[in-house]
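Worksheet for the structure shown next.
Please read all numbers here as calculations on a predicted model, not as lab measurements.
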Number of protein chains: 2
Amino acid sequence: METAALRELKERFARSFMDVLALRLLEREGTWGYRLASRIEETYGVRVGPSVIYPLLRDLEERGLVEGREERIGGRRRRIYEVTERGREFLEEYRELLRRQLDSSDLIP
Amino acid sequence: METAALRELKERFARSFMDVLALRLLEREGTWGYRLASRIEETYGVRVGPSVIYPLLRDLEERGLVEGREERIGGRRRRIYEVTERGREFLEEYRELLRRQLDSSDLIP
DNA sequence: CCGAATATATCGGATTTCCGATATATTGTA
DNA sequence: TACAATATATCGGAAATCCGATATATTCGG
């Protein structure tokens with residue numbers, strides 16, 4: 001079972017670090033906005049509408065963390081995003097921060 | 001050296017999870033608001049004024065995660081906060097969430 | 001052929017968060 | 001004895017965030 005506290009923590013993570021969450025999913029497999037939004041919904045149980053996912057992906061691209069390429073399947077266009085080297089470095093810094101929280105070394109000034 | 005990206009991530013953590021950060025510091029050593037605020041400033045480099053720390057501590061107490069007791073040193077009152085059992089359970093859930101992020105098991109629906 | 005689903009994109013009002021300003025009292029120090 | 005520092009506490013305007021509504025175009029299934 002999932003406690004209410006855990007539920008709230010996950011929701012807060014998804015909201016505050018949606019960019020990191022998106023990046024982590026894209027690291028596993030490059031994909032397009034619509035599909036990415038569904039995956040975030042599945043894994044973190046939060047609603048991710050178009051007004052959230054598209055500005056987010058644009059922001060990630062402006063920060064150089066992902067790279068999008070236009071693709072056409074039939075007449076339908078899709079913008080596939082892949083994590084850049086810079087994006088992988090960013091994720092490594094994020095993970096280092098988590099590790100430092102787990103071993104409490106982040107609390108030493 | 002600390003990159004700008006890491007700086008921003010730490011700041012975001014401090015803002016979004018100030019309650020967790022406060023709880024983690026209190027877990028190491030129970031203390032009062034004014035001192036706790038200074039410690040958060042030292043470790044995470046963010047400004048924590050009285051309008052931030054006192055409502056936060058009250059909230060933590062309402063959630064049953066900390067317990068405060070009035071203390072008097074001379075005529076000056078201090079409210080010392082200690083983490084409760086429930087608070088320690090909450091921290092364990094938080095840490096489990098971090099671990100699941102590190103081994104990516106949180107991305108499996 | 002029509003409605004649902006896929007896919008991308010933006011806007012702006014509502015809500016929420018944030019934090020500076022303010023208040024009060026005590027202690028320590030120059 | 002006056003000022004800085006310690007200590008707690010609240011309020012409300014400003015700033016930021018959030019997300020529903022809307023728009024457009026294509027594909028797929030009944």
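Rounded to whole angstrom, the span from the CZ atom of A/Arg47 across to the P atom of D/dC19 amounts to 10 Å. B/Leu36 places its CG atom 15 Å from the P atom of D/dT6, with the value rounded to the nearest Å. One can place OH of B/Tyr34 at 18 Å from P of C/dA25, the figure rounded to the nearest angstrom. Rounded to whole Å, atom P of D/dA9 lies 13 Å from atom CG of B/Leu56. Regarding A/Arg15, its CZ atom lies at a distance of 8 Å from the P atom of D/dC18, rounded to whole Å.
Closest-nucleotide positions on DNA chain C for A/Arg58 and A/Arg77 were compared, and the one nearer the 5' end corresponds to A/Arg77. The 5' end of DNA chain C is approached more closely, in terms of each residue's nearest nucleotide, by A/Ile53 than by the other of B/Ile73 and A/Ile53.
Under a cutoff of 6.0 Å and an axis angle of 45°, B/Arg12 and B/Phe17 do not form a cation-pi pair. Annotation: cation-pi pair A/Arg78/A/Trp32 present, NZ/CZ under 6.0 Å from the ring centroid and within 45° of its normal. A cation-pi contact, defined as under 6.0 Å to the ring centre and within 45° of the axis, links B/Arg63 to B/Phe90.
No engagement by A/Arg35 is indicated, since no non-hydrogen atom pair under 4.0 Å with the nucleic acid exists. Residue A/Gly49 is out of contact with every strand shown, counting any heavy-atom pair closer than 4.0 Å.
Distances shown here put a side-chain N or O of B/Arg78 below 4.0 Å from the OP1 or OP2 atom of D/dA7.
The B/Pro55 side chain lies nearest to D/dT10 when the options are D/dT26, D/dT10, C/dT8.
The environment of A/Glu67 atom CD is sparse: at most 12 non-hydrogen atoms of other residues, nucleotides or ligands sit within 6.0 angstrom.
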